[in-house]
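Some notes on the structure that comes next.
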Amino acid sequence: MADPIYRAPKGTHDVLWPESARRRALVAVFADIVEAAGYTEVVPPMFEHVEVFRRLGDATDVVRKEMYEFEDRGGRHIALRPEQTASIVRSFGEHRPTLPWKAWYAGPNFRYERAQKGRFRQFDQVGIEALGPEDPHLDAEAIATAWRFYESLGLQQVTLLINSLGGPEDRANYIAALHGHFASDLGSLSEESRSTLATNPLRVLDSNRPEDADLIAAAPDMLDHLSADAAAHFDQVQAALTGLEIPFTIQPRLVRGLDYYVRTTFEFTSGAFDAAQNAIGGGGRYDGLAEAMGAPATPGVGFALGVDRTLMACDAEGAFEATSSTVDVFVVDTTGGEAALLITDELRRAGISADRAWDGRSMKSQMRAADRSGAAIAVIVGDDEAESGTASLRDLRGDAGQDTVQRSSITETLLARLK
RNA sequence: GUGGCCGUAGCUCAGUUCGGUUAGAGCACCUGGUUGUGGUCCAGGGGGUCGGGGGUUCAAAUCCCCUCGGUCACCCCA
């Protein structure tokens, strides 16, 4: 292997064609769906003042220990974004668009973590954020938008999990109840979970440790601690999803890692691939976040979907396969290359994609390149054609053979044949 | 941050157990067979500091130590 200096940094990788084309296509599908629902694109910066992300909560690991932070040359304390919701909400506070504001985004995020399957230090997400309405139908619309996106990709093994964390007070009550429960049998809890209990009690419910399983199973139910308001909101979200015929599973143990969520939370998991990281998307309500960021108090709901993990799910299901786009025409020129230069330029200006060979290779070599390019037709200029001011057009895919046309009519002839 | 497994040509791997002639295969790439014509076939060719460093030894891809990287899991999350 090459010197480590010349490798992509840990947890990052280059996306080469055709996978790069597939990713672009996936984002295009997402853009079509969300724009058809009235969402408009926002392109926030990839880094922000650290404080923007600190507002996400001190107990959030993403903020506490996973941020790429640095001081820039002007002494500003900057962090690469670990997620985009904070940036979008910051942008909302800065520009104060009219409500409701329905925004979508796509792009990379950065978290300093140990890489594993489906988890990288740079990873792409697509997502939406809707600020303004408290309407439970908006929660349902957001969920449905993600669901339709997965459907459009051809995914069939996606499961929707939903839960309600209640309002801030409900949450506090529930946390107190959790403390009581776990305190009753602290000794049987794993050491790690005991420390998690101190910093972020809800997340103990997320532990994957076998020794915690029994105690977690016996833990009080979050849904029993909802206020009448929150319970009604959650009921309406469920009714809306039922009306939309979107299947869901209520998962009272669903705790999401970002601390700003209140009321509705949801997560999409794939049953198609075997990995610990099977959550391919998630989101929820964050009614207090705008205010926490210094903007006018404004409710909001949104989600982020992991592009890498969604593509893993597609791989596992054989869905949304990469399409191999190729050029239409390949120009073979054994007379020095200037003919190829001029002909490819003429073809491209006429809307015909065209490539050629370089370095004055032999006819055989150039024909091999023509074949590999995937082009349907080869335009051949050898000594004979150069002398007579013509070009030979050879069918590379069918059995139409080869014929000769005047140089001046190459483009016109190809336009007709490529229809 | 913690632990398991793994690093040999561009790719997929053999060789490592029990150290020993110039380190191999398939695919890919290049050239030629075909003095202008690809996809099949045949022949030839280029390409490796065996991840890196140190050690043991007459001798290390092979044994030992360290290190870097990859991968999977925990933590956490998309």
Side-chain angles (χ1 to χ4, degrees), chain A residues 1-13 16 59-66 82-85 106-127 146 190-193 195-196 199-200 203-204 206-212 255-259 267-270 274-283 303-313 330 332-335 357 359 361-387 392-399 401-402:
Chain A
M1 293 297 115
D3 186 324
I5 292 172
Y6 302 118
R7 304 172 60 105
K10 197 179 181 71
T12 69
H13 50 94
L16 305 183
T60 306
D61 276 19
V62 166
V63 174
R64 214 173 70 234
K65 57 181 191 184
E66 295 176 3
E83 57 123 57
Q84 292 177 69
T85 302
N109 304 302
F110 309 86
R111 294 181 193 172
Y112 188 85
E113 319 180 78
R114 278 281 282 265
Q116 70 183 76
K117 190 167 192 176
R119 195 181 69 185
F120 313 104
R121 289 186 171 180
Q122 176 177 331
F123 61 99
D124 281 355
Q125 287 183 329
V126 294
S190 67
E191 195 183 322
E192 290 85 349
S193 287
S195 80
T196 304
T199 54
N200 196 335
R203 210 165 314 117
V204 174
D206 255 350
S207 169
N208 285 333
R209 296 167 196 291
E211 63 264 41
D212 296 337
V255 175
R256 301 196 36 79
L258 288 319
D259 292 342
E267 190 166 292
F268 300 94
T269 62
S270 169
D274 184 30
Q277 318 298 336
N278 68 344
I280 58 176
F303 64 70
L305 313 181
V307 170
D308 310 86
R309 289 188 190 174
T310 299
L311 286 170
M312 281 169 60
F330 196 94
V332 170
D333 172 8
T334 58
T335 66
D359 294 333
R361 306 256 189 172
S362 69
M363 174 71 74
K364 177 178 181 136
S365 172
Q366 292 195 44
M367 285 302 294
R368 263 202 282 256
D371 184 55
R372 266 196 305 249
S373 77
I377 298 172
V379 173
I380 301 166
V381 179
D383 291 334
D384 296 348
E385 288 86 350
E387 205 167 306
S392 294
L393 307 185
R394 182 175 179 82
D395 179 23
L396 294 172
R397 296 292 157 244
D399 48 12
Q402 180 171 328

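Only heavy atoms go into these numbers, but all of them, side chains included; no hydrogens, no water, no symmetry mates. First the proteins, then the strands, lettered A, B, ... as listed; each starts at 1.
Taking atom C1' on both B/C29 and B/G36, the two are 23 Å apart, rounded to the nearest angstrom. Straight-line distance between the C1' atoms of B/G47 and B/G54: roughly 29 Å, to the nearest whole Å. For the P atoms, the distance from B/C65 to B/C5 is 13 Å, rounded to whole Å. Separation of the C1' atoms belonging to B/A14 and B/U31 is 28 Å when rounded to the nearest angstrom.
A close approach under 4.0 Å does occur between a side-chain nitrogen or oxygen of A/Gln116 and OP1 or OP2 of B/A73. Phosphate proximity of B/A73 to A/Lys117: absent, as no side-chain N or O sits under 4.0 Å from OP1 or OP2. Put simply, A/Arg361 has a side-chain N or O that comes within less than 4.0 Å of OP1 or OP2 on B/U31.
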Report the C-alpha separation of A/Thr12 and A/Gln122 in whole Å, then their side-chain angles, then the decisive distance to 0.1 Å, and conclude whether the side-chain hydrogen bond (donor to acceptor under 3.5 Å, both in side chains) test is met. CA-CA 6 Å; A/Thr12 69; A/Gln122 176 177 331; over 6 Å; no
With sugar-phosphate taken as primed atoms, P, OP1 and OP2 and all else as base, the protein-contact string of nucleotides 32-46 of chain B at under 4.0 Å (heavy atoms; B, S, -) is SB--BBBS-------
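Here A/Gly401 lies out of heavy-atom contact (under 4.0 Å) with every strand.
Of the charged side-chain nitrogens involved, at least one lies within less than 4.0 Å of a carboxylate oxygen, so that A/Asp371 and A/Arg397 count as a salt-bridged pair.
A/Glu83 places no side-chain N or O within donor-acceptor distance of the main-chain N or O of A/Asn109, the cut-off being under 3.5 Å.
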